Amino acid sequence: MLRVGEHFERTDTGRQRRVNEDAFHARAPLFAVADGMGGAQAGEVASGTAVETIAAGIPADGRTVEARLAVAVREANGRIHDLSVSDDERAGMGTTLTAAWVGEKEVTLVHVGDSRCYRWREGRLERLTDDHSLVEEMVRQGRLTPEEAAIHPQRSIITRALGPEADVEPDTLTVPARGDDLFLLCSDGLTSMIGEDEIAEVLASTGSLEVAGRALVDRANEAGGRDNITVVLFRLEGVGTTAEEEVELTRLNMEAVAVPAAAAPAAAAVERRAPRAPREPEKRRGWRPGIGTLLIVVLVFVVASAGFLASQAVYFVGSDSEGFVTVYQGVPYELPAGIALYREDYASGLNISQLPPAQRQTVGEHQMRSLADANDLVRQLETGRVGVP
Ligand code: MG
């Protein structure tokens, strides 16, 4: 099973535009980039509406993820089109939209326009989307070479967008994915300024998504920054297979043994209590309380270590302070000193307010689970929202 291990996103106005008409969404399992166009603030309205519509929900019915993403894109198109015909200032506005949905074993893309999705795997950059642009169509017809297209003065003219027409035909595509795959969604403010060789060079130079994301934006600006630049990066990780869980548990147990920090607060608590507890004759003060304290400390250390080891092997599903459904490692309790016996393992993009009451209750129960079970539950809740068959 796949999940999003980390992500980084950045949008920049660039060096020549006054406003940023790009928009993005980055919350697992859905990532999207939209590049709006149109006078006044229409471009921002178009790209914002596209991203908000697809982020707000994808119909949960019996169809495939591709079909449902296409329905959401058509709905976004309809909203933008309605806004554009009802207001002269917004006439003709439009936006690109490239979105990626992370499934259990695959990533599904929906795409209109010339924003792009790339997959970076084992040092190789692969473009997954075809630009709906004049120059790319000319390349497909053999009238331009890719090199000529890259510097063509009309390279920013797109042939398909959300908004200009009452209906739109989005491309959809499902690609098999695996742990360590890195996906890049970007607006043409990146790809019209730097080549794919340079994108690959940046991705190869660092394992940090943040360093890579900032470097991509910086390089597009250094090359002129003629357009708004948006990059959304997310890296997948594989979870839930038996072998992987065993490796993970072994690693956690080794960490727990190697780091005595978990026992330290308990030991300190005993030492703070010790002066009050023994009411014994003065002459014994020199050694008996010392041994007693030592024994208690050792006992507490053993119990705390065992408890810590046990707590690290279990997980539960709950919601974080903002209401997002989260997988926690440990047990759902806090010690009186405010020491939490759990830590966040994975925060989903799903808010409990989006769930029906029965599912909300399941999240609130904080039932103890294996990592695989916890991830399964979150995946079910996520896919329940989007409706994976
Ligand atoms: Mg652009």
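Numbers here are sequence positions counted from 1. Just so you know, these numbers come straight off a predicted model, no measurement behind them. Both ligands and their constituent atoms are indexed starting at 1 by order of listing.
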Legend entry - Shortest non-hydrogen separation from W101 to P29 and the atoms involved: CZ3-CG, 2.9 Å

Inset, instruction - Look at D188 and state whether any of its N, O or S atoms is less than 2.8 Å from the Mg ion (ligand 1). - result: yes

Inset, instruction - Decide, counting backbone as well as side-chain atoms, whether D227 has an N, O or S atom less than 2.8 Å from the Mg ion (ligand 1). - result: yes

Inset, instruction - Evaluate ring-ring contact (aromatic ring centres under 6.0 Å, His included) for H25 paired with F31, printing each intermediate quantity in order. - result: CA-CA 5 Å; H25 175 82; F31 297 83; 7.4 Å; no

Inset, instruction - State the atom name: nearest N, O or S atom of D35 to the Mg ion (ligand 1). - result: OD2

Inset, instruction - Please say whether the positively charged group of R27, taken as NZ for Lys or CZ for Arg, lies over the ring of F324, i.e. under 6.0 angstrom from the six-membered ring centre and within 45 degrees of the axis. - result: yes

Legend entry - Polar contact flag, side-chain donor to acceptor under 3.5 angstrom, T96-D35: no

